[in-house]
Number of protein chains: 2
Amino acid sequence: MERFPSPSIPPFPAARRRATGRATLNDVASAAGVSAITASRALRGARAVDPVLVEKVRVAAQQLGYVPDPAARALASARSSHVAVLIPLLSNALFVELLEAVQHTLAPAGFQTLMGVTHYQPAEEDALLRSYLAHRPAGLLVTGFDRSDAAHQMIADSGVPCVHLMETVSTPGVYGVGLSQLDAARTVTEHLLQRGRRRIAYVAGQLDPRVMQRAEGYRAALRDAGCYDPQLEILDPTPTSMALGGHLFEELLQRHPDVDAVFFCNDDLAQGGLLAALRLQVAVPQRIAVVGFNDLAGSDQMLPPLTTIRTPRAEIGTQAAKMLLALMRGEPVPQSTIDLGFELVVRQSS
Amino acid sequence: MERFPSPSIPPFPAARRRATGRATLNDVASAAGVSAITASRALRGARAVDPVLVEKVRVAAQQLGYVPDPAARALASARSSHVAVLIPLLSNALFVELLEAVQHTLAPAGFQTLMGVTHYQPAEEDALLRSYLAHRPAGLLVTGFDRSDAAHQMIADSGVPCVHLMETVSTPGVYGVGLSQLDAARTVTEHLLQRGRRRIAYVAGQLDPRVMQRAEGYRAALRDAGCYDPQLEILDPTPTSMALGGHLFEELLQRHPDVDAVFFCNDDLAQGGLLAALRLQVAVPQRIAVVGFNDLAGSDQMLPPLTTIRTPRAEIGTQAAKMLLALMRGEPVPQSTIDLGFELVVRQSS
DNA sequence: CTGAAAGCGCTTACAG
DNA sequence: CTGAAAGCGCTTACAG
């Protein structure tokens with residue numbers, strides 16, 4: 001009885017294999033009786049391949065449970081299946097909805113979304129861009145047009161197709177899907193004017209580019225009506241929140257007892273303001289009208305329900321992703337800028 | 001004068017190059033006067049390399065602006081720098097905070113986060129897992145322990161380190177960071193009992209596993225107190241929202257006029273309930289006490305401020321990411337399960 | 001419409 | 001502590 005039998009059949013050649021055990025394109029090709037490159041083309045649906053062979057390859061891939069290796073594909077083609085999406089913040093529901101729409105559109109097309117949060121910091125955006133661009137993404141989605149020169153340069157140099165979210169512009173060769181923040185702000189301000197308000201405040205947090213564009217819309221409307229008063233602007237760089245909204249609302253009433261309307265730059269601020277009014281027993285809209293921006297979850301549940309501007313962020317995400325898809329595929333893009341507009345939603349707070 | 005001068009210097013050899021123009025590891029190696037493999041080891045800080053050479057390589061990489069190609073690295077090492085994170089929903093702020101913490105911990109360690117949203121659908125989770133696992137992620141983070149057999153199998157077969165989020169268990173070999181949803185629910189229910197409430201309702205949406213674990217905690221507490229009444233449970237599979245909370249609150253009051261407290265399974269529901277109470281002029285907490293779960297943004301701003309359970313989701317994200325980092329590096333993990341607990345936050349609604 | 005060859009930019013596994 | 005060779009699994013660029 002051998003305790004340590006020497007194998008009668010020699011072991012496999014001192015394997016240098018580092019294979020993962022998964023089926024490879026070559027496995028599929030030999031199973032289908034074609035070359036690797038034909039299998040590759042058949043699977044990608046590229047170029048003309050004999051339909052009979054395509055079917056053979058399909059079946060073989062199916063049977064072997066073949067899943068293409070994204071790393072190999074990226075290395076060989078110098079382009080990955082990743083799309084990097086840079087958004088300022090995740091704590092603003094707006095961007096969450098934007099992101100979900102993007103992902104929902106990109107995923108079925110075979111692209112993975114790499115999300116990066118910039119926290120409104122140009123330096124963070126630069127770092128993310130540097131890191132993500134190293135991955136040679138197939139496409140890039142960024143928020144707004146304001147960024148560092150270095151960032152602009154990196155994007156341009158990379159040659160990666162890029163679509164800008166949330167704002168509108170008309171610079172040729174620059175792609176974007178959004179709305180005019182200025183026009184929307186002007187619209188809701190004019191709504192307050194039409195309701196007879198004259199002492200209208202603009203209360204803002206975060207002070208990112210879009211918040212400042214809204215400030216411009218607010219100013220334009222009030223200047224046209226001849227009742228712009230810079231004193232009625234409260235601009236706080238703190239990130240927006242319901243708590244901040246309540247706090248700034250109180251501050252506003254103390255500093256300007258004669259104010260008869262407030263335009264909050266974002267709904268979370270406005271919701272906090274509405275709650276503060278309830279706490280302070282300030283009648284809305286009788287004593288003071290309140291309006292917000294974005295129509296976030298809960299605004300319709302407030303007491304009174306909040307008048308606001310509905311922004312089409314989901315549609316922005318979808319359209320931007322579709323535009324990017326076209327750019328990545330080298331297809332023609334009918335228009336480089338899409339303005340999706342906005343909607344004034346009048347509820348009981350104004 | 002030649003209109004079409006033929007070049008005196010021959011063009012570069014009919015290049016088969018498909019290079020990207022970026023510096024490669026070989027460029028760095030020759031600039032530093034070492035072999036590619038030594039440069040590779042020096043840059044990764046792996047194995048012992050002569051400190052002098054390490055420095056040379058560092059300088060060369062710096063000067064050439066070398067950025068390693070993740071695709072090549074993934075292909076050669078059969079492991080990417082991606083970590084896939086599967087969460088149920090992005091519309092619940094809880095998961096957004098969890099995700100941010102994860103990303104914040106993983107990014108400095110050089111890992112990219114790939115987020116996937118399952119919408120609480122096992123089939124969607126299976127599809128995401130299949131797709132993400134094809135990318136050979138370095139690690140995996142999933143929410144909870146409930147999933148399809150296929151999903152469990154895929155995770156196990158992949159050999160990819162995996163940490164489970166949000167719940168606690170003690171299955172050996174299974175890694176997790178979370179809290180006992182049952183204990184937390186029991187605690188807030190006991191709080192209501194201590195305040196003298198006896199007709200305590202449980203109002204829930206979504207009905208995901210954790211919501212049902214909370215239901216068990218609620219039942220346990222009430223059974224112990226001898227006042228469990230299954231009639232007082234309203235279980236609605238609809239996703240939670242403030243609007244749903246308001247709606248279910250009204251329904252509850254109509255069906256059970258004698259109810260003296262409500263435990264909402266999530267704060268958004270509770271906030272909606274509180275607003276509905278205000279609208280209906282139902283005194284909280286005098287007529288009815290209201291408590292929530294998670295302590296989401298705005299709960300402290302409500303009227304009255306909401307009593308709730310604070311869950312440490314950011315800390316869960318951080319700890320889980322750290323645990324995963326250790327697993328990915330093959331470092332020992334002191335304990336496979338971390339229970340981060342919870343905190344009862346008593347405000348004026350109870 | 002199809003294929004043989006080369007190469008993408010790294011790391012593994014062996015040697016020394 | 002260092003390196004030459006091979007290979008990861010695809011796609012590109014040429015030919016035919």
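This one's a predicted model, so the numbers in the text were calculated from it and none came from an experiment.
Taking only side-chain nitrogens and oxygens, A:Ser40 never comes nearer than 4.0 Å to OP1 or OP2 of D:dC10. Distances shown here put every side-chain N or O of B:Thr38 at or beyond 4.0 Å from the OP1 or OP2 atom of D:dT2. Checking the phosphate oxygens (OP1, OP2) of D:dT12, a side-chain nitrogen or oxygen of A:Arg44 falls inside 4.0 Å. Contact annotation: B:Ser35 side-chain N/O to D:dT2 OP1/OP2 distance is not under 4.0 Å.
Between A:Arg136 and B:Asp69 a salt bridge is recorded (basic side-chain N to carboxylate O distance below 4.0 Å).
Side-chain atoms of A:Thr38 do not come within 3.5 Å of backbone N or O of A:Val34 as any donor-acceptor pair.
Take the nearest nucleotide of DNA chain D for A:Pro68 and for B:Pro51: the residue whose nucleotide is more 5' is B:Pro51.
Between B:Phe95 and the choices B:Val85, B:Val117, B:Ile87, B:Leu165, the side chain to side chain contact (heavy atoms under 4.5 Å, CB included) rule is met once, by B:Ile87.
Here C:dC10 is the nucleotide among C:dC10, D:dT2, D:dG9 with the atom lying nearest to any side-chain atom of B:Tyr66. Comparing C:dG3, C:dC10, D:dA4 by their closest approach to the side chain of B:Ile37 singles out D:dA4. Checking C:dG9, D:dT11, D:dG3 against the side-chain heavy atoms of A:Arg73 singles out D:dT11 as nearest. Among the nucleotides D:dC10, C:dT11, C:dG9, the one closest to any side-chain atom of A:Thr24 is D:dC10. Closest to the side chain of B:Leu25, from the set D:dT11, C:dC10, D:dC10, is C:dC10. Nearest to the side chain of A:Ala72, among C:dT11, D:dC10, D:dT2, sits D:dC10.
Distance, B:Arg41 CZ to D:dC1 C1': 8 Å, rounded to whole Å.
The pairing partner recorded for C:dA4 is none, the criterion being a Watson-Crick or G-U wobble arrangement whose two distances lie under 3.5 angstrom. In a base pair of the Watson-Crick type (N1 to N3 plus N6-O4 or O6-N4) or a G-U wobble (N1-O2 and O6-N3), with each distance short of 3.5 Å, D:dA13 is matched with no nucleotide.
Put simply, CG on B:Leu114 and CG on B:Leu141 are 12.0 Å apart, with the number rounded to the nearest 0.5 Å.
The nearest pair of heavy atoms linking B:Ala29 to B:Ala39 is CB-CB, 3.9 Å.
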